[in-house]
Amino acid sequence: MILYHISAKKLITRCTFSMLAASLILCPAVFSGCSAKTENVKNTDAGSQDPISATAIKLNTAVTVTIYDSQDRELLTECMNLCDKYEKIFSRTADDSELYQLNHRELTPVKGTEDTYQVSASLAELVSKGLDYSVLSEGAFDIAIEPLTSLWDFTAENPKVPKDSLIQAALPKCNYHNISVDTDKNEITLKTDDTAIELGAIAKGYIADRLKDYLVSQNVKSAIINLGGNVLCIGEKTDNSAFKIGIQKPFADRSETIAVMDIRDKSVVSSGIYERCFEQDGTLYHHLLNPKTGYPYDNGLIAVTIISDQSVDGDALSTTCFALGLEDGMKLAESLDDVQAFFVTSDYEIHYTRDFQKKIKVTETE
């Protein structure tokens, strides 16, 4: 299965990218739940009117929060603390996280049941949101894909394609119909013993929204939250101009963009085959896995970008629309209120949803 080749050996070092501070480069990464290892915080002096900013390794990616209308550095500290809080809930791999304990049945079942568990309101809410998109996509986006994703390790030093026998054995376990959630009681039911939940395609968006809620509650009106490429803009710049969000050209150098957009008070999230990938036997494998085949999607797309009000929706939709392919993904995006999208095909053509360029100023850079 040949997925997409542009001198594949040169692509391997280009599967993760960074965001530039002045003209932000969107560079998604998968939230895999690893603990923070290093922290680098850079703030301006208290008396300066320059933006204050903090960067730290959280959620297995670089998290940056920049505030334009406040000099209160405690706001930055609390944002990083919130990332730690939610990682303790949503991580699939950290054995002390709530999701890990749910997946491994380390929680005590609700009295009178064998498969229903009391969870936090945050976990119940996010699983419910994930199920909504699983239903909307008819399983192209499936939060029960954990038995499959756990076989693929795109962050390993020498990643390899799993044995096909293991992939085939995992596929029957990937079925969102085996998950139900009661958000009134904060209860999740896992209907089979081998059902497990993966929230990596939606958790960072949810966390970005919670950081925004906190900052807005503290009267912040101008800020950018960047969770490894999930970008959420609060308001606009203090001079009333829009934030410039540049979309990284897939497989290109970090400074190269395929488009630059003017964004005010919106979320921008991309999913693409360049985010996490490796080559084996001349074939490029990426992390966007098809729960029906067990292998990466091969549908002629290399990236999808979603602009939405809520980052959790952009996170889920970028993966969902990619999974559906250009035609069906475009139809879905256009059917939703307050959602705009563009799709990049393997020939580097950009396909916009209806009225995109009327609602969002965008400049293609090629």
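Note that the structure is a prediction, hence the values are computed from the model and not measured.
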Assess whether side-chain contact (heavy atoms from CB on, under 4.5 Å) is satisfied between Thr189 and Lys191, documenting all intermediate values.
CA-CA 6 Å; Thr189 299; Lys191 300 176 184 178; 4.1 Å; yes
Minimum side-chain heavy-atom gap Val344-Val304 below 4.5 Å
no
Salt bridge (Lys or Arg N to Asp or Glu O under 4.0 Å) against Glu78, all qualifying residues, sequence neighbours excluded:
none
Look at the side chain of Ser137 and the backbone N and O of Tyr133, then say whether any donor-acceptor pair between them is shorter than 3.5 Å.
yes
Would you name the heavy atoms of Ser91 and Leu99 that are closest together and state the gap between them?
O-CB, 3.7 Å
Any donor-acceptor pair under 3.5 Å linking the side chain of Glu334 with the backbone of Arg354?
yes
By the definition side chain to side chain contact (heavy atoms under 4.5 Å, CB included), identify the one residue from Ile67, Val65, Ile52 that meets it with Leu75.
Ile67
Taking atom NZ as the centre, does Lys185 end up with more than 12 heavy-atom neighbours from other residues, nucleotides or ligands that are less than 6.0 angstrom away?
no
Any chance the side chains of Gln340 and Thr353 put a donor and an acceptor closer than 3.5 Å?
yes
Just jot down the side chain to side chain donor-acceptor pair (under 3.5 Å) partners of Arg105, sequence neighbours excluded, or say none.
none
Any idea which heavy atoms bring Glu87 and Ser97 closest together, and the distance?
O-CB, 3.9 Å
Pro296 and Leu288, any side-chain heavy atoms less than 4.5 Å apart:
no
Can you find a heavy atom in the side chain of Asn186 that is under 4.5 Å from one in the side chain of Gln118?
yes
Gap separating the CG atom of Leu131 from the CD1 atom of Ile197, nearest 0.5 angstrom
7.5 Å
Give a yes or no on whether the backbone of Glu106 and the side-chain of His104 come within a donor-acceptor separation of less than 3.5 Å.
no
Candidate pair Asp153 and Thr155, rule side chain to side chain donor-acceptor pair (under 3.5 Å), full reasoning:
CA-CA 5 Å; Asp153 187 355; Thr155 63; 2.9 Å; yes
Full working for side-chain contact (heavy atoms from CB on, under 4.5 Å) between Phe342 and His351:
CA-CA 5 Å; Phe342 70 80; His351 303 260; over 6 Å; no
Mind listing the side-chain donor-acceptor pairs of residues 120-130 below 3.5 Å, one per line with the distance, residues two or more places apart or on another chain?
{"from": "Ser120", "atom 1": "OG", "to": "Glu98", "atom 2": "OE1", "distance (Å)": "2.7"}
{"from": "Ser120", "atom 1": "OG", "to": "Leu123", "atom 2": "N", "distance (Å)": "3.2"}
{"from": "Glu125", "atom 1": "OE1", "to": "Tyr206", "atom 2": "OH", "distance (Å)": "2.9"}
{"from": "Lys129", "atom 1": "NZ", "to": "Asp313", "atom 2": "OD1", "distance (Å)": "3.3"}

Verify the distance criterion only: is there a donor paired with an acceptor across the side chains of Asp281 and Thr283 at less than 3.5 Å?
no
Here the salt bridge (Lys or Arg N to Asp or Glu O under 4.0 Å) pairs for residues 258-273, sequence neighbours left out, are Lys212-Asp265, Glu236-Arg264, Lys244-Asp262, Lys266-Asp309
More than 12 heavy atoms of other residues, nucleotides or ligands under 6.0 Å from NZ of Lys361: is that the case?
no
Phe343 vs Ile350, test: side-chain contact (heavy atoms from CB on, under 4.5 Å). Steps then yes/no.
CA-CA 6 Å; Phe343 298 68; Ile350 299 179; over 6 Å; no
Indicate yes or no for a side-chain donor-acceptor contact from Asp209 to the backbone of Ser311 under 3.5 Å, with no hydrogens or angles considered.
yes
Does Asp182, at its CG atom, have more than 12 non-hydrogen atoms belonging to other residues, nucleotides or ligands within less than 6.0 Å?
yes
For a 4.5 angstrom cut-off between non-hydrogen side-chain atoms, does Tyr68 reach Asp50?
no
What's the separation between atom OG1 in Thr192 and atom CG in Asn175, rounded to the nearest 0.5 Å?
8.0 Å
So Met261 and Ile247, do their side chains get closer than 4.5 Å, heavy atoms only?
yes
Aromatic ring pairing Trp152/Tyr295, orientation class (parallel under 30°, perpendicular over 60°, tilted between)
perpendicular
Could you tell me which non-hydrogen atom of Cys83 sits nearest to which non-hydrogen atom of Leu59, and how far apart they are?
O-CD2, 3.7 Å
Distance (rounded to the nearest 0.5 Å) between Leu148 CG and Lys292 NZ
11.5 Å
Are the side chain of Thr149 and the backbone N or O of Glu146 linked by a donor-acceptor pair below 3.5 Å?
yes
So do the side chains of Ile143 and Glu198 get within less than 4.5 Å of each other, counting heavy atoms only?
no
Start with the C-alpha gap between Met80 and Val63, add the side-chain angles, then the distance that decides, and say whether side-chain contact (heavy atoms from CB on, under 4.5 Å) holds.
CA-CA 8 Å; Met80 298 305 172; Val63 170; 4.0 Å; yes
Anything under 3.5 Å between a donor and an acceptor, one on a side chain of residues 314-325, the other on a protein residue two or more places apart or in another chain? List them.
{"from": "Asp315", "atom 1": "OD1", "to": "Asn230", "atom 2": "ND2", "distance (Å)": "3.4"}
{"from": "Asp315", "atom 1": "OD2", "to": "Gly205", "atom 2": "N", "distance (Å)": "2.8"}
{"from": "Asp315", "atom 1": "OD2", "to": "Asn230", "atom 2": "ND2", "distance (Å)": "3.2"}
{"from": "Ser318", "atom 1": "OG", "to": "Ser271", "atom 2": "OG", "distance (Å)": "2.8"}
{"from": "Ser318", "atom 1": "OG", "to": "Gly314", "atom 2": "O", "distance (Å)": "3.2"}
{"from": "Ser318", "atom 1": "OG", "to": "Asp315", "atom 2": "O", "distance (Å)": "2.9"}
{"from": "Thr319", "atom 1": "OG1", "to": "Ser271", "atom 2": "OG", "distance (Å)": "3.4"}
{"from": "Thr320", "atom 1": "OG1", "to": "Ala316", "atom 2": "O", "distance (Å)": "2.8"}

How many angstroms lie between CD1 in Ile224 and OG1 in Thr66, if you round to the nearest 0.5 Å?
6.5 Å
Test item: Ser308 side-chain N/O and Gln310 main-chain N/O as donor-acceptor pair under 3.5 Å
yes
Quick one: are Ile307 and Ile360 in side-chain contact, heavy atoms under 4.5 Å?
yes
Leu190 side chain reached by Asn178 side chain, heavy atoms, under 4.5 Å
no
Atom CD1 in Ile258, atom OG1 in Thr305: separation rounded to 0.5 Å?
8.5 Å
Nearest atoms (heavy-atom pairs only) where Ala208 meets Ile225
O-CD1, 3.8 Å
Would a hydrophobic clustering, with Ile, Leu, Val, Met, Phe, Trp and Tyr connected at side-chain separations under 4.5 Å, put Val110 with Val181?
no
Reported SG-to-CD1 distance for the pair Cys233 and Ile263, which is rounded to 0.5 angstrom
6.5 Å
Which residues share a side-chain contact (heavy atoms from CB on, under 4.5 Å) with Ser217, sequence neighbours left out:
Tyr214
At their closest point, which heavy atom of Lys204 faces which heavy atom of Gly228, and how far apart are they?
NZ-O, 3.6 Å
Quick check on the 6.0 Å ring-centre criterion: do Tyr100 and Phe90 meet it?
no
Ignoring hydrogens and angles, state whether a donor on the side chain of Asp347 or Thr345 is under 3.5 Å from an acceptor on the partner side chain.
yes
For Phe243 versus Ser222, what's the shortest heavy-atom pair and its separation?
CZ-OG, 3.9 Å
Would you find more than 12 non-hydrogen atoms of other residues, nucleotides or ligands less than 6.0 Å from Gln168 atom CD?
yes
